[in-house]
Amino acid sequence: MEICFIGGGNHLNNELSEVFLELSKMIKPDAKILIIPFATDNSRYESWMESIKQAFSIIENVSVELLNEDLSEKEMKKSIKEHDVLYFIVESQKG
């Protein structure tokens, strides 16, 4: 599994379009992508998922799922192992 660190940016205003273009060269079609949120308010998940799905739509037939925080540790590990790509989200604190 490859790891790519991105130092911030906004999917909605195309700040990451070049990053996702490069990722599209690395991620195989039909890949299973798991979104792993860190220090993030649950109310943000839905909007993030929509923008992330849109960003990954440049790659053929990928599936994008969110790691459910209610899973046990064993279930989380299993879910992580079942995916090809892990995409970590950290909420920025401004103000």
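Quick note: residue numbers are just sequence positions, from 1. Keep in mind that what you see is a predicted model, and the values were worked out from it rather than measured.
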Is there a side-chain contact between [X] and [Y] in this structure, where contact means two heavy atoms from C-beta onward sitting under 4.5 Å apart?
X: I80; Y: L86; result: yes
X: Q54; Y: E50; result: no
X: M76; Y: E73; result: no

Could you pull out the closest heavy-atom pair between [X] and [Y], with the gap in Å?
X: L67; Y: L34; answer: N-CD1, 3.6 Å
X: A55; Y: I58; answer: O-CG1, 3.7 Å
X: K28; Y: V62; answer: O-CG1, 4.2 Å

Find the distance between [atom1] ([X]) and [atom2] ([Y]) and round it off to the nearest 0.5 Å.
X: S79; Y: K81; atom1: OG; atom2: NZ; value: 11.5 Å
X: I59; Y: L21; atom1: CD1; atom2: CG; value: 9.5 Å
X: I33; Y: I27; atom1: CD1; atom2: CD1; value: 4.5 Å

Passes side chain to side chain contact (heavy atoms under 4.5 Å, CB included), K77 versus K74? Steps please. CA-CA 5 Å; K77 287 179 181 179; K74 183 178 179 179; 5.9 Å; no
Would the number of heavy atoms belonging to other residues, nucleotides or ligands and lying under 6.0 Å from CD of E65 be above 12? yes
Would you say K32 has more than 12 foreign heavy atoms packed within less than 6.0 Å of its NZ? yes
Salt bridge flag under 4.0 Å for residues K78 and E75: no
Classify the ring geometry between F20 and Y87 as parallel (under 30°), tilted (30 to 60°) or perpendicular (over 60°). tilted
